[in-house]
Amino acid sequence: MTPLATPAAPLTDGLTLAAYSTSTGEAVQFWILGTVAVIGALCTVFMRRAVHSALSLAGTMIVLAVFYLANGAYFLGIVQIVVYTGAIMMLFLFVVMLVGVTAADSLKETIKGQRWLALLCGLGFGVLLLAGIGNASLTQFDGLSEANAPGNVQGLAALIFTKYVFAFEITGALLITAAVGAMVLTHRERTERALTQREMSERRVREGKHLPPLPAPGVYARHNAVDIAGLLPDGTPSELTVNPTLRERGQVRDVSREALGDLKALEQRSEERLERTRSGEGTQ
Amino acid sequence: MNPVNYLYLAALLFTIGATGVLIRRNAIVLFMCIELMLNACNLAFVTFSRMHGNLDGQIIAFFTMVVAAAEVVVGLAIIVSLFRSRHSASVDDASLMKL
């Protein structure tokens, strides 16, 4: 990690105001990691699967944490890694798992030409933003060596608990509200008592539809993965064998056609082997 | 290297995030793009803090992080409850209030 880069020594000739620059090490770090950050951001936007997007975003956030450290924000750099990449991104991954990993975006456009218009808007916005920064007269560069003199964390604490103490209190209220809100949103009240195992078995007997446990997936085919329906004697896949959740998501794989092909290949292979052994016996 | 380059990078990341919000329709990816934009702003704040030699920018970035955490918690809860009722995480499917 590059230490806080001190600004170059102020020019004594006083010819120019551009007396600020960072060390070469930081420049190298910026150009390498900046590229990584931009690639990660682009992958976040353009990856089709949400999991890949989340992982790219986590990479970008770690790079940003390095930039915070290089900019003298030691506390924020660590918080970025611990809170953002450690907690928030993992929360994202949990939700991606809950919602379904294969929930990829559909490519069907609801508004015609929306994608290209959006890209155009983004391009225009970026040009405006970059031009704005380019035109701003950002000549001041003091560096944080003075502000960080008693320590970065101490400096931040002094500000938080004096100048920004009201905002800090409000933040506490916000966090409590968010936690309660999340619980209220995801909580479902049970309106009736859950059936016990005995009641469920009695109901099964009364209905007389399916007394034994449900058939296991895949054991009648040549696969035993949970997402492959077991085959009935006539070769058709049985709906009963697959978990209803997978069925609802449309993640059931049908191998009834493959099974026949595999069987044919197996037969052919065994025939070849038999031929070979027979011919081997012949030569001996 | 001029530290203004950090600002250019922040602007670029913000633009990418904004474009992502416009292009994507998976609600989770939309949220990630919003996070990207918030992070870009944080980078700009930290850079400004360094350029001006005081820590106020870092304080703002810190508060942004807290607000982002609260926002993610509530937003993901909304996505989960939406997914429960609609079986889809696409923002196009949540069109109950459309005429």
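Letters go in sequence order (proteins before strands), and every chain restarts at 1. Not measured: the values here are computed from a predicted model.
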Distance-only criterion, 3.5 Å: show the donor-acceptor pairs between side-chain atoms of residues 156-167 of chain A and protein atoms not counting sequence neighbours.
from: A/Thr162; atom 1: OG1; to: A/Ala158; atom 2: O; distance (Å): 2.5
from: A/Lys163; atom 1: NZ; to: B/Asp56; atom 2: OD2; distance (Å): 2.7
from: A/Tyr164; atom 1: OH; to: B/Asp56; atom 2: OD2; distance (Å): 2.6

Under 30°, 30 to 60°, or over 60°: which ring-plane class applies to A/Phe168 and B/Phe63, parallel, tilted or perpendicular?
tilted
Is there a side chain to side chain contact (heavy atoms under 4.5 Å, CB included) between B/Leu55 and A/Asn152 once you walk through the steps?
CA-CA 8 Å; B/Leu55 292 175; A/Asn152 182 248; 3.8 Å; yes
So what's closer than 4.5 Å to chain B heavy atoms on A/Leu57: side chain, backbone, both or neither?
side chain
In A/Tyr68, A/Phe141, A/Phe67, the residue satisfying ring pair (Phe, Tyr, Trp, His ring centres under 6.0 Å) with B/Tyr6 is A/Phe67
Less than 4.5 Å to any heavy atom of chain B: does that hold for the side chain of A/Phe75, its backbone, both, or neither?
side chain
Donor-acceptor under 3.5 Å (A/Gln114 side chain, B/Leu22 main chain)
yes
Between the side chains of A/Glu26 and B/Arg50, is the shortest nitrogen-to-carboxylate-oxygen separation below 4.0 Å, so that they form an ion pair?
yes
Would you mind checking which part of A/Met183 comes under 4.5 Å of any heavy atom in chain B, side chain (CB onward), backbone (N, CA, C, O), both or neither?
neither
Hey, which of A/Gly122, A/Ala41, A/Ala147 has the most heavy atom pairs under 4.5 Å with chain B?
A/Ala41
A/Thr186 versus chain B, the contacting section by heavy-atom distance below 4.5 Å:
both
Toward chain B, the part of A/Phe94 with a non-hydrogen atom under 4.5 Å:
neither
